[in-house]
Number of protein chains: 2
Amino acid sequence: MTLSNYSNEDKVLLAVDCIIFGFDKEELKILLIQRDFEPEKGKWSLIGGFLKKEENLDEAAIRVLHHLTGLNDIYMEQLYTFSKVDRDPADRALSVAYYALIDIKNHDSSLLKRESSKWFNLKDAPNLIFDHNRMVERSLARLQRKALSKPIGFELLPTKFTMRQLQKLYEAILEKKLDKRNFINKFNSLDILIKLDEKDMSSSKKGAYLFQFDEEKYNSKVEDGFSFKL
Amino acid sequence: MTLSNYSNEDKVLLAVDCIIFGFDKEELKILLIQRDFEPEKGKWSLIGGFLKKEENLDEAAIRVLHHLTGLNDIYMEQLYTFSKVDRDPADRALSVAYYALIDIKNHDSSLLKRESSKWFNLKDAPNLIFDHNRMVERSLARLQRKALSKPIGFELLPTKFTMRQLQKLYEAILEKKLDKRNFINKFNSLDILIKLDEKDMSSSKKGAYLFQFDEEKYNSKVEDGFSFKL
DNA sequence: TCAAAAGTGTTTGGTATACACCCATGC
DNA sequence: GCATGGGTGTATACCAAACACTTTTGA
C-alpha cells in the first residue's frame, strides 16, 4: 500500500504548557517559574516544553511536569490548544495547555529542587509571558466547572482532611462562601467519604475529625449510575 | 534582544478535523466524506486539512470547512487535540478536532458540490478512519453538555421553527424523550423566543406557530446575569 | 365525523437554601 | 470561665417531573 507523505504540508513547533494548581489552607495557588532563557528571560511563566516526535501530548505533559518539578502520578487534563500566529515571538509555536492538580503538602519537597519556581496565590499572581494569562483564566474556568461534577477536588488535598479544609477548598475554587451545614449535608448525602477515628488537632482545641475520599466506593457507585454533583 | 529559535526541537504536522453536525426532522446527522487519497482511500472520514504556517487553528478550521463544503459563518468550537503517535499511519500528525453545527436546510445546496460527501444519521454512521470515531464520540458528549447550558441548539435549526421541531432537536441531542408541556414551559420561562404570527402548515392540518430565537434579548439578559439552563 | 398533531396548567415531590445553638478543649 | 473552632437539624421556597384533555382542520 502506498502512503502519501504529506510532504508539502507545513510543520510546526508544538509546546505543552502546564497550569499547576495547589491549595494551601485558604488559598488556591499556582506554580510558576522564572524563565531562564530568551525570549522573555526573567519573566514569570507556566512551565512548559516542546512535544517530541516519539511521544503523545499526555506523555509530553507528564515529562515536562516531572522534569521541572520531580512530581509523578499527578492528575492532569488537556485544556485547550492555543494557536495565535505570533503568540511566541521567537518562532511559530502552538501550545497545548494542560492543567494539573497537586497536593502541595505531599509534594513540596520535590519542588524545592527548583529554586526559580514559586507558588503564588492565584489572586496575586504576576503577569505572565505570551498568552499564559489566558491559559490560567481558562483553566480556572474549567476547574470551577469540573469541580462541581467530578470529585477532583481531593487531588488538591492530603489523603486525610477535615470537613472544614474541604469546604475551604471548594470556597477557594468556586470563589464564593459556602454554608457550613449545607456543605456537610451535601457531602454526607453523596456518601463517598470515610470518617476516620483520628482527629486533626492543629487548628482547634477540640480537634476535627479527619475524612478520606472513598474512591472505590465512588467508582462502584458511578457504575451504578451515580454521578457526583455538588 | 536575542531570540532563541528553538532550532533543536521537533516539528510536527498538525491536522484540523471537523465534526459537522446537522439535524433533519428527527435525527442528528453528521457529514462525512469518502477519502480520495491514501492512506485509507475510499474509507469514510471527517473532513480535515493541515494547519498552515500563517494561520491559527480557528482560521484553519474555517478554511477547511469552507473549502470542502462552501459553508460560511458556521458555529464552531475547538474540541480536543488528538496526539497518539501512530494515529496516522502515513506520518506523525496530530489532529485538532473542531465541531460545527449547521442548519442542513439552509446549506444543503452548497454541499451538493461535493458528491463524495454524505449525511449520515449519527446512529448508523459508518466506521471512520484513524481515531475519527473517538472524535465523534467526544464531540457528541461535548454537544450534549453544552446544549444544556448554552443556546447553541438554534444553530442546527432554520431561523424559524416550531416548538415541536425544537423539542425533537433536543431529544435527538440528548438521546432521550422529553415531556412536551414541561419543555414548552421551560422555554417560555427562559423568555428568549419570539412567537411569530406565521404558522408552519407542513406537518399538521391545524398548523403550528413558528418561533425565532431572540439573540439580542438573550445577550442582554446574559449581561444582567442570566444564564441559559435547560 | 374522525384522525392527527397542536396547544395548554396544575399538582406533587424533592432538592437547595437559609438559619442558630450547643460542644469540647486549652489556656 | 471563656474564647475558639467543631459539630449538628429543621423549616421554607423554589424548581423539576408527572400527568390528560380540548382544539383545529383537512380529508
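These numbers come from a predicted model, not from an experiment. All chains are named by letter (A, B, ...) in the order of the sequence lines, taking the proteins before the strands, and each is independently numbered beginning at 1.
- Side chains of B:M135 and B:H132 form a contact here, defined as non-hydrogen atoms less than 4.5 Å apart.
- Following rounding to the nearest Å, B:K180 (NZ) and C:dT10 (C1') show an atom-to-atom distance of 16 Å.
- Summarising the geometry, the separation between CG on B:N188 and P on C:dT8 is reported as 8 Å, rounded to the nearest angstrom.
- Between A:F187 atom CZ and D:dG7 atom P the separation is 15 Å, expressed in whole Å.
- In this structure, NZ of B:K177 is placed 17 Å from C1' of D:dA18, rounded to the nearest angstrom.
- Screening residues 147-163 of chain B for side-chain hydrogen bond (donor to acceptor under 3.5 Å, both in side chains) gives B:K160-B:E198, B:T162-B:Q165 as the qualifying pairs, with residues at least two apart or on separate chains.
- Seen from the ring of A:Y209, A:K199 counts as a face-on cation partner, given the 6.0 Å and 45° thresholds.
- Computed from coordinates, the A:L178 CG to D:dG7 P distance equals 17 Å when rounded to whole Å.
- When rounded to the nearest whole Å, the span between CG of A:N182 and C1' of C:dT15 equals 11 Å.
- Side-chain N/O atoms of B:R164 include one lying less than 4.0 angstrom from OP1 or OP2 on C:dA6.
- A:F154 and A:F213 have parallel rings, their planes meeting at less than 30° on a 0 to 90° scale where 60° marks the start of perpendicular.
- Of the residues in residues 190-207 of chain B, those lying under 4.0 Å from DNA chain D by heavy-atom distance are B:K205, B:K206.
- We find that CG of A:N185 is positioned 10 Å from C1' of D:dT10, with the value rounded to whole Å.
- One N or O donor and one acceptor, one from the side chain of A:R181 and one from the base of C:dA20, sit under 3.5 Å apart.
- Here the P atom of nucleotide C:dC23 and the CE atom of A:M163 are 21 Å apart, to the nearest Å.
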Under 3.5 Å, which donor-acceptor pairs do the side chains of residues 177-185 of chain B form with other protein atoms, sequence neighbours left out?
unit_1 : atom_1 : unit_2 : atom_2 : d
B:D179 : OD2    : B:R181 : N      : 3.1
B:D179 : OD2    : B:N182 : N      : 2.8

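- With distances taken from any side-chain atom of B:I184 to the nucleotides C:dT8, C:dA18, D:dG6, the minimum falls on C:dT8.
- Proximity of the aromatic rings of B:F23 and B:F21 is defined here by a centroid distance below 6.0 angstrom, and this criterion is not met.
- Using the six-membered ring where Trp is involved, B:F187 and B:Y170 have ring planes that are tilted, between 30° and 60° apart.
- Taking for each of B:L230 and A:Y209 the nucleotide of DNA chain D with the nearest heavy atom, the 5'-most of the two is the partner of A:Y209.
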